[in-house]
*Asks:* 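First the structure, which I've put down as structure tokens, then a few questions once you've had a look.
The structure displayed is predicted, hence computed values, not measured ones. For ligands, and for the atoms within them, numbers begin at 1 and follow the listed sequence.
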Amino acid sequence: MSHKQVHPRSPYRSPPSFKDMAIKYPRFRKFVIQDLSGRITIDFRNPEALHALTTTLLQRDFGLEVEMPLDRLIPTVPSRLNYVLWVEDLLRAAGVSADTPVHGIDIGTGASCIYSLLAAKSKGWHMLATDMDADSYKCAEENVRINKLEHLVQVKLVDATVLLKGVVAEGQQYDFCMCNPPFFSSEEELGAETKSRSPARPPPRGARTGSPSDVVVSGGEVAFVSNMVRESKELGTTIRVYSSLLGHKSSLGPVKALLQEAGVSSQADTWFCQGRTTRWYVAWTFAAGCDLQGAAAQTAGQPAKRKEKAPLAWTVPRPGDPARHTLAVVGARVKEMLQQLQMSVRGLRNNDKIQSYQVTAFDNTWSNQRKKRRAAAHVDSPKKDIPAPATVTGDGRRSPGCPDARCDGATGTGEGTSEPTDSARDKIAAEKNAPSTQEADAKQLEASGGGTTGLKRPVEDMISLSKKLKTEAVGCLLRAGVAVVRNGDDIVLEWCFLEGAGGREALHQVLQYFKNNFKL
Ligand code: SAH
């Protein structure tokens, strides 16, 4: 699965260059570091660095000067923009004309006041921003003032029991409300979410930002949103489109059920993913003849499209002994080489026309083999067989992401492929250790109807069979398919890239390794 779903109209679909930002913005430059591969990045565990990233992007891309204390939630700009753009889709779907002034409510605006500032500055919408935290309220108000947006944004300090009723002005119609609710039901739950569950798990990579009042609410987000649903039922069409973000996928089902119960006339949901953090968004309306599904269709389930590329094919050299030039012998040799590379190998098809495998690599064991052997021979080390450390190559830039409670994929860049999350690492370990035999896989495919005799083109065949394999691990360096097939008198290896941080470049390198080392 692609881990990247950014709103189609977001400028952050192409990640900003940290290098350029560092050159132009001294406050950002202070936090820039070079990682081992020479890439310019920042320490995502440092709240000051996150703060610099957010304020710099707001200034650079929206002309907004925003201040917020380090002990409050530091919002990531791309994720906030995704929500604002989705609201714009919802308004369009709800028939709100782009030519009339738009009025929205931002529940729990936070110290940054980010949604309201983005909405006012980039869309010209009128916003009523609320918060129950006196310090956040003060800071939000100051941010509005500094940016001279008082004519569009009004900030209101509210009681914790107030959501929408008691906020909406008498006789005023609103086009939408949006909300990023506190996610957790207790500080313990918040702790559990980010705590390492096994000693093998690495510590979180990103800083946790946000005070308890930012992130904790009694009953968690489902309780918070269910109060919103209840109030929305009473307010009806006073607000045309209601919406909320959800921090946990598990909240989506219960919230949708509540909406059904409330008798909404239309509802929609979507998700966006930034760095390695996914957020879900739900919207509903009581307005008759208003179909919000249109907005969902525009954005949902459209991960950045992968370009169809030609397969990589290589004709294996003929051996001196023609009797060895058979699919069975070549297939066995391919499998042996893959295993030498310590890849996890799963059989896809095995018949007289084709032998194909799905292979997964977690480390780069194929690059610079000669150099490594020489180095191993020189360094009088007992550990000669240890593979080289993982190197992310080519376009597989790592995005540090953020496993933090409230720091949504804190790269703020939407950049590259994500580092595996902690749970992904567990899955990888499980897959690495799982005794995955070709026979077992072939049976699994057979049972799922994959083992038919009619053969499509090898690459299509591998892609569709791979989808049927129960492969849960994410975050591998390379997952690919390789098929051994006949082409006239030749035997050809056809490779296809499936996924992985190393990108197609890693697959090219593996093919090169085969060209250099294949002997029958
Ligand atoms: N919108 C900001 C902040 C989200 S954190 C952002 O996306 O970055 C959640 C915010 O909701 C906190 O600032 C918290 O103080 C506020 N909050 C919690 N309960 C509230 C309520 N009943 N009414 C208004 N704000 C509330």
*Asks:* Evaluate Asp106 for polar contact with ligand 1, using N/O atom pairs at a separation under 3.5 Å.
*Replies:*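 No, since none of the N or O atoms of Asp106 sits under 3.5 Å from an N or O of ligand 1.
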*Asks:* Show which atoms of ligand 1 fall inside a sub-4.0 Å distance from at least one heavy-atom site of Pro182.
*Replies:*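 Close to Pro182: 18 (C).
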*Asks:* Do other residues, nucleotides or ligands put more than 12 heavy atoms under 6.0 Å from the NZ atom of Lys121?
*Replies:* yes
*Asks:* Among Met178, Arg80, Met68, Lys156, which residue places a heavy atom closest to atom 8 (O) of ligand 1?
*Replies:*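 That would be Arg80.
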*Asks:* Please identify which atoms of ligand 1 are closer than 4.0 Å to at least one heavy atom of Thr130.
*Replies:* 24 (C)
*Asks:* Would you mind listing which atoms of ligand 1 come within a distance below 4.0 Å of any non-hydrogen atom of Asp133?
*Replies:* 15 (O)
*Asks:* In chain order, what residues pass the salt bridge (Lys or Arg N to Asp or Glu O under 4.0 Å) check against Lys165, with sequence neighbours excluded?
*Replies:*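 So Lys165 forms a salt bridge (Lys or Arg N to Asp or Glu O under 4.0 Å) with Glu234.
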*Asks:* Short list, please: which atoms of ligand 1 are under 4.0 Å from a heavy atom of Thr109?
*Replies:* 1 (N), 2 (C), 3 (C)
*Asks:* Taking 4.0 angstrom as the limit and counting only heavy atoms of Val158, give me the atoms of ligand 1 inside it, by number and element.
*Replies:*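 Those of ligand 1 that fall under 4.0 Å from Val158 are 23 (N), 24 (C).
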*Asks:* Hey, does Asp131 come in under 3.5 Å of ligand 1, counting only N/O atoms on both sides?
*Replies:*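 Yes, Asp131 has an N/O under 3.5 Å of an N/O on ligand 1.
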*Asks:* Which word best sums up how the rings of Tyr281 and Phe272 line up, parallel for under 30°, tilted for 30 to 60°, or perpendicular for over 60°?
*Replies:*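 Correct class here is perpendicular.
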*Asks:* Within the 3.5 Å criterion, strictly below it, is a donor on Gln173 or Arg240 matched to an acceptor on the partner's side chain?
*Replies:* no
*Asks:* Is there at least one pair of N or O atoms, one from Val162 and one from ligand 1, spaced under 3.5 Å apart?
*Replies:* yes
*Asks:* Check this for me - ligand 1, Ser112, N or O atoms closer than 3.5 angstrom, yes or no?
*Replies:*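 No, since none of the N or O atoms of Ser112 sits under 3.5 Å from an N or O of ligand 1.
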*Asks:* If the threshold is 4.0 Å, N to carboxylate O, is there a salt bridge linking Glu142 and Arg145?
*Replies:*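 So Glu142 pairs with Arg145 through a salt bridge.
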*Asks:* Verify whether one side chain among Glu65 and Asn147 offers a donor that lies under 3.5 Å from an acceptor in the other.
*Replies:*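 No, no side-chain donor-acceptor contact under 3.5 Å.
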*Asks:* Considering only heavy atoms, which of Ile107, Asn180, Asn227 lies nearest to atom 4 (C) of ligand 1?
*Replies:*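 Shortest heavy-atom distance from atom 4 (C) of ligand 1: Asn180.
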*Asks:* Under the ring-ring contact (aromatic ring centres under 6.0 Å, His included) test, which residues partner His51, sequence neighbours left out?
*Replies:*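 With neighbours one apart ignored, the set is empty.
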*Asks:* Any nitrogen or oxygen of Phe224, side chain or backbone, less than 3.5 Å from one on ligand 1?
*Replies:*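 No: no nitrogen or oxygen of Phe224 is under 3.5 Å from one in ligand 1.
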*Asks:* Would you indicate whether the side-chain heavy atoms of Val158 and Asp131 approach each other to under 4.5 Å?
*Replies:* no
*Asks:* Closer than 4.0 angstrom, basic N to acidic O: yes or no for Arg9 and Glu88?
*Replies:*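 Yes, charged N to carboxylate O under 4.0 Å.
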*Asks:* For ligand 1, which atoms have a heavy atom of Pro75 less than 4.0 angstrom away?
*Replies:* 8 (O)
*Asks:* Using 30° and 60° as the class boundaries, would you call the ring planes of Tyr83 and Tyr115 parallel, tilted or perpendicular?
*Replies:*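 Rings of Tyr83 and Tyr115: perpendicular, over 60°.
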*Asks:* Between Asp159 and ligand 1, does any nitrogen or oxygen pair lie at a separation below 3.5 Å?
*Replies:*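 No; every N/O pair is 3.5 Å or more apart.
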*Asks:* Please confirm whether Ala160 comes within less than 3.5 Å of ligand 1 when only nitrogen or oxygen atoms on both sides are compared.
*Replies:*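 Yes; the residue has a nitrogen or oxygen that sits under 3.5 Å from a nitrogen or oxygen of the ligand.
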*Asks:* Identify, by atom number and element, the atoms of ligand 1 in contact range of Gly110, meaning under 4.0 Å from any of its heavy atoms.
*Replies:* 3 (C), 13 (O)
